[in-house]
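Taking it in order: structure first as structure tokens, then the write-up.
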Amino acid sequence: MNEGLNYLDNSYTLTSISTFNAAVNAYVAANSGTTASQAALRPEIRSLLQVGNLPTEQPEQINAYEVGYRSVLLDNRLSIDADAYYNIYSGFLGQVEVSVPKNTSGQQVTVGSDDAVLAALATNRAARQDRYRVYTNARNNYHSYGSTLGLTYNFYQKFTVGGNVNYNALSDNEDADIFVTGFNTPHWVTNVNFGNREIVRNVGFNVVWRRQSTFTWESPLANGRVPAYQTVDAQVNVRLPSLKSTIKVGGANLFNNRYFQYAAGPTIGGLYYVALTFDNTVLR
């Protein structure tokens, strides 16, 4: 694919082009009479352009380590489920946007030349830049790690309380990589539930509180901070044995707390429902 297009070895990263153009605009604004072309060719400004030098795409590799523990204690009233993991990614795959420079005749020019620097100016976006978004391998190794702890306790008759907490993280590297990793995972995700599958004959309920911590979302579509949010879900089940049916009435995000789950994503509110389930094999 690269043959003739030369986006692997004769291109500038789009991120560096944005930084370069911001520096050009700032210099022109501060120095009356200076043109954008003159500013672009200044050594301290043209050096902001980062050559792609992308490696040929290879399969990414991962070494994964995991340990876990599961048990039932206190006369089967308390269940515990815990685990932890550590992953090492080599050749992590991601997308990077690059631009191949051209001269005024539409011919490719070599990165580093004056023609290539001038091609990176925002005013030459359409005429002198061929832009590509390609998959490539990260230059750094990445280490992700985390753990989960879940507990459920049957504390009185059929009443249960439980919850779990999840922690996930990606270690930082000292050297910047060619693209953002897009880990896109909150550090903390927690939920707590309380319920009784049959508080009175044929009637049960469950209530769940959920919380997610803030995190950074990175993708080719959009980047941004996703704020922390919390919701409450609840459901009541009514069994109708004579009809071999169950009626479920409930709501997800019961209090209509508005939130979004990723940058540029839709705002999510409450969802309320009534469902009728018929199952001749279970309800007898």
Side-chain angles (χ1 to χ4, degrees), residues 66 68-85 146-169 183-217 219 224-284:
E66 186 171 354
Y69 172 79
R70 180 178 295 174
S71 183
V72 178
L73 306 173
L74 302 180
D75 196 24
N76 295 331
R77 297 175 65 186
L78 175 65
S79 63
I80 302 174
D81 192 351
D83 67 73
Y85 71 89
S147 61
T148 301
L149 172 63
L151 301 171
T152 300
Y153 182 49
N154 181 196
F155 65 94
Y156 176 71
Q157 294 182 348
K158 297 180 181 179
F159 284 96
T160 60
V161 62
N164 62 64
V165 58
N166 298 268
Y167 178 79
N168 301 278
F183 186 57
N184 297 340
T185 303
H187 280 313
W188 295 99
V189 178
T190 308
N191 71 67
V192 176
N193 62 80
F194 170 69
N196 187 320
R197 67 180 184 273
E198 194 171 33
I199 189 169
V200 296
R201 184 175 177 82
N202 296 326
V203 177
F205 77 94
N206 193 49
V207 180
V208 183
W209 170 79
R210 309 178 194 274
R211 188 184 188 280
Q212 176 179 294
S213 63
T214 185
F215 69 101
T216 299
W217 179 273
S219 74
R225 295 288 287 174
V226 177
Y229 65 86
Q230 55 186 341
T231 63
V232 175
D233 303 344
Q235 179 175 291
V236 175
N237 304 325
V238 180
R239 297 178 58 216
L240 306 174
S242 61
L243 300 177
K244 298 182 174 62
S245 303
T246 302
I247 298 176
K248 300 178 181 180
V249 180
N253 190 7
L254 198 63
F255 301 111
N256 198 30
N257 180 28
R258 314 291 282 187
Y259 66 93
F260 58 92
Q261 295 179 313
Y262 54 92
T267 300
I268 301 172
L271 172 67
Y272 310 98
Y273 57 87
V274 176
L276 174 64
T277 303
F278 176 80
D279 193 341
N280 190 40
T281 63
V282 175
L283 297 176
R284 293 185 175 177

Side chains of Ile80 and Leu73: closer than 4.5 Å at any heavy-atom pair? yes

Taking all non-hydrogen atoms of both residues, which atom of Ile199 and which atom of Asn196 are closest, and how far apart? N-OD1, 3.1 Å

Which atom names give the shortest non-hydrogen contact between Trp209 and Val232, and what distance separates them? CD1-CG2, 4.1 Å

For the student: nearest non-hydrogen atoms of Asn191 and Arg210, plus distance: CB-CG, 4.0 Å

If only side-chain N and O atoms count, and only distance matters, is there a donor-acceptor pair under 3.5 Å linking Asn166 with Asn164? yes

At their closest point, which heavy atom of Gly163 faces which heavy atom of Asn193, and how far apart are they? N-ND2, 3.8 Å

For Trp188, all residues meeting side chain to side chain donor-acceptor pair (under 3.5 Å), sequence neighbours excluded: none

Has the side chain of Arg77 got a donor or acceptor atom that lies under 3.5 Å from a matching backbone atom of Tyr153? no

Distance-only donor-acceptor pairs under 3.5 Å for side chains of residues 258-276, two or more places apart:
unit_1, atom_1, unit_2, atom_2, d
Arg258, NH1, Asn256, OD1, 3.4
Tyr272, OH, Leu254, O, 2.9
Tyr273, OH, Gln235, OE1, 2.6

Can you list the residues that meet the salt bridge (Lys or Arg N to Asp or Glu O under 4.0 Å) rule with Arg70, with sequence neighbours excluded? Asp81

Return each pair, listed once, that meets salt bridge (Lys or Arg N to Asp or Glu O under 4.0 Å) where at least one residue sits in residues 156-165; pairs must be two or more places apart or across chains. Lys158-Glu198

Could I get the full list of salt bridge (Lys or Arg N to Asp or Glu O under 4.0 Å) partners for Lys248, not counting sequence neighbours? none

Donor-acceptor contact present, side-chain Asn237 to main-chain Thr246, <3.5 Å: no

To the closest 0.5 Å, what do you measure between CG (Leu240) and OG1 (Thr277)? 10.5 Å

Closer than 3.5 angstrom, by distance alone: can the side chain of His187 be matched with the main-chain N or O of Asn168 as a donor-acceptor pair? yes

Could you check whether the rings of Tyr156 and Phe159 sit parallel, tilted or perpendicular, using 30° and 60° as the cut-offs? parallel

Taking all non-hydrogen atoms of both residues into account, name the closest pair between Asp233 and Ala252 and its distance. OD1-CA, 3.4 Å

Kindly give the heavy-atom pair with the smallest separation between Val165 and Thr190, and that separation in Å. CG2-OG1, 3.7 Å

Main-chain N/O of Asp83 paired with Ser147 side-chain donor or acceptor, under 3.5 Å: no

My understanding is that only residues two or more places apart in sequence, or in another chain, count here; which of them pass ring-ring contact (aromatic ring centres under 6.0 Å, His included) with Phe215? none

Neighbour count above 12 (heavy atom, 6.0 Å) for Arg201 CZ: no

